[in-house]
J.: 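Take a look at the following structure, please.
Numbers here are sequence positions counted from 1. Any value given below was found using the heavy atoms of this structure, including those in side chains, with hydrogens, waters and symmetry copies removed.
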Amino acid sequence: MNAQTPTTRGTVALLKNVAACMVVMEKLRHRGSGRPGLGVFYGHSGFGKTYSAIYVQNRTGAARVEVGDSWTRKVLLEKLCFELNIEPKGTIPQLADKVIETLVDDDRPVIIDEADKLCDRNMIELVRELQEASGAPFLLLGEEKLPSKIAQVERVHNRVLVWEPAQPCDLEDARALARLVAPIEIADDLIAHICTISGGRARRIVVNLDLVTEYGRNAGLKSVSKAEYQGEFYTGAAPRPRGQ
């Protein structure tokens, strides 16, 4: 897959981050014997990491979980059991053994989103144990500080094969998103402006494309340029305090 060319196929926009995430997974799946099996895909919120992970999940059949704020070791194992079609009953060691045995037999990769929370709760060693015992590829997704958090746990840090930073969307990515979500034509100058004010965050770009689409429909326009658009833009900035 070419990580430089985002295209649109059906309902999926293959942005650069989608392609890069897929490349990480392929490196893990096809790594040589004895090489570590953890990959880390990290970056700021809104860069499309989860979107990328879902695409990779659909392409590879990976078991994917998104860690919640309240999760414990047992909850993590239960969620993995659910994804792997295992009965989620037993003690923590029993659940871990079930997950490991199933991963060995099924040869499925695992994707763990919001992996920062595992580091914050001292649960990342459990992931290392599952990966090392099963040999399955494990792809961890998280925020910009995830690598530094993993670096504090030497046994986990030493088992990371690939560190891949998610990148902000560029104009080419924004065009791909426009082709995917906007039923009207949006001029290149407006797409470029949206990309800039959105800080390259895919989520914000999509919101702004929706705003432009709504404006165009209400105005009866089949295409909208930057000069023609008189609506608001979404930047994600919090509102200023109101006066007394």
Side-chain angles (χ1 to χ4, degrees), residues 1-24 41-59 64 66-69 111 113-114 116-117 141-146 164-244:
M1 179 180 296
N2 184 348
Q4 300 301 316
T5 306
T7 58
T8 301
R9 295 180 183 173
T11 59
V12 178
L14 296 186
L15 310 182
K16 292 182 178 66
N17 282 334
V18 175
C21 189
M22 189 68 204
V23 168
V24 173
F41 189 59
Y42 64 96
H44 294 293
S45 175
F47 276 10
K49 299 184 300 295
T50 297
Y51 178 91
S52 301
I54 292 171
Y55 175 83
V56 173
Q57 177 189 18
N58 291 335
R59 287 290 300 270
R64 187 181 70 88
E66 186 170 335
V67 181
D69 289 327
I111 300 173
D113 205 345
E114 302 286 351
D116 310 71
K117 296 170 185 176
L141 279 73
E143 299 297 318
E144 189 70 18
K145 293 182 179 179
L146 179 57
E164 183 67 32
Q167 303 295 334
C169 289
D170 59 13
L171 178 57
E172 199 173 6
D173 287 331
R175 287 179 183 139
L177 287 170
R179 291 194 298 270
L180 178 69
V181 305
I184 64 173
E185 182 179 348
I186 301 178
D188 221 38
D189 62 347
L190 182 52
I191 293 176
H193 182 66
I194 286 173
C195 188
T196 299
I197 65 170
S198 300
R201 284 170 161 79
R203 188 179 301 125
R204 294 180 186 175
I205 291 172
V206 169
V207 171
N208 281 308
L209 291 171
D210 285 342
L211 290 173
V212 172
T213 296
E214 183 179 5
Y215 176 87
R217 282 175 169 169
N218 292 338
L221 301 172
K222 293 184 179 180
S223 64
V224 183
S225 68
K226 182 180 178 183
E228 291 170 322
Y229 183 64
Q230 300 300 313
E232 296 181 349
F233 290 105
Y234 173 74
T235 64
R240 295 180 180 180
R242 294 175 293 179
Q244 299 297 323

J.: Quick check against the 3.5 Å criterion: does Glu66 have a side-chain atom that pairs as donor or acceptor with the backbone of Glu114?
T.: no
J.: Does Asp116 reach the main-chain N or O of Glu143 with its side chain, forming a donor-acceptor pair under 3.5 Å?
T.: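 Looks like yes, one N/O pair under 3.5 Å.
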J.: Nearest 0.5 Å please: distance from the SG atom of Cys195 over to the CG atom of Asp188.
T.: 10.5 Å
J.: Kindly give the heavy-atom pair with the smallest separation between Val224 and Gly216, and that separation in Å.
T.: CG2-CA, 4.0 Å
J.: Quick check against the 3.5 Å criterion: does Lys49 have a side-chain atom that pairs as donor or acceptor with the backbone of Gly43?
T.: yes
J.: Side chains of Leu209 and Leu180: closer than 4.5 Å at any heavy-atom pair?
T.: no
J.: Using side-chain heavy atoms (C-beta onward) and a distance below 4.5 Å, is Phe41 in contact with Ser52?
T.: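 Yes. Closest side-chain heavy atoms under 4.5 Å.
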J.: About how many Å separate CG of Asp170 and OG1 of Thr196, when rounded to the nearest 0.5 Å?
T.: 11.0 Å
J.: In Å, rounded to the nearest 0.5 Å, how long is the span from CD1 of Ile186 to CG of Leu177?
T.: 10.5 Å
J.: Where the side chain of Arg201 meets the backbone of Ser45, is there a donor-acceptor pair that is under 3.5 Å apart?
T.: yes
J.: Ignoring hydrogens, what is the shortest heavy-atom contact between Ile111 and Gln57? Give both atom names and the distance.
T.: CD1-N, 3.9 Å
J.: Using side chain to side chain contact (heavy atoms under 4.5 Å, CB included) as the criterion, point out the one residue from Asn58, Thr50, Val56 that pairs with Arg64.
T.: Thr50
J.: Which heavy atom in Leu190 sits nearest to a heavy atom in Ser225, and how many Å separate them?
T.: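 Result for this residue pair: CD2-O, 3.8 Å.
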J.: Using atom types as modelled and distance alone, determine if a side-chain donor or acceptor of Asn17 lies under 3.5 Å from a backbone N or O of Phe47.
T.: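 Confirmed, Asn17 side chain pairs with Phe47 backbone.
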J.: Looking at CD1 of Ile194 and CZ of Arg204, how far apart are the two atoms once the value is rounded to the nearest 0.5 Å?
T.: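 Here the interatomic distance stands at 14.0 Å.
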J.: If you take all heavy atoms of Tyr55 and Met22, which pair is closest and at what distance?
T.: CE2-SD, 4.4 Å
J.: Could you check whether any side-chain heavy atom of Leu221 comes within less than 4.5 Å of a side-chain heavy atom of Ile184, counting everything from C-beta outward?
T.: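 No, too far: nothing below the 4.5 Å cut-off.
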J.: Looking at Ala227, is its backbone amide N or carbonyl O close enough to the side chain of Gln230 to form a donor-acceptor pair, meaning the two atoms are under 3.5 Å apart?
T.: yes
J.: Between Pro183 and Thr213, what is the shortest heavy-atom contact and its length?
T.: CD-CG2, 3.5 Å
J.: State the OH-CZ distance between Tyr51 and Arg203, to the nearest 0.5 angstrom.
T.: 13.0 Å
J.: Side chains of His44 and Pro168, heavy atoms from C-beta outward: is any pair under 4.5 Å?
T.: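 No. Closest side-chain heavy atoms not under 4.5 Å.
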J.: Is there a side-chain contact between His193 and Tyr229, using heavy atoms and a 4.5 Å cut-off?
T.: no
J.: Closer than 3.5 angstrom, by distance alone: can the side chain of Asp173 be matched with the main-chain N or O of Lys16 as a donor-acceptor pair?
T.: yes
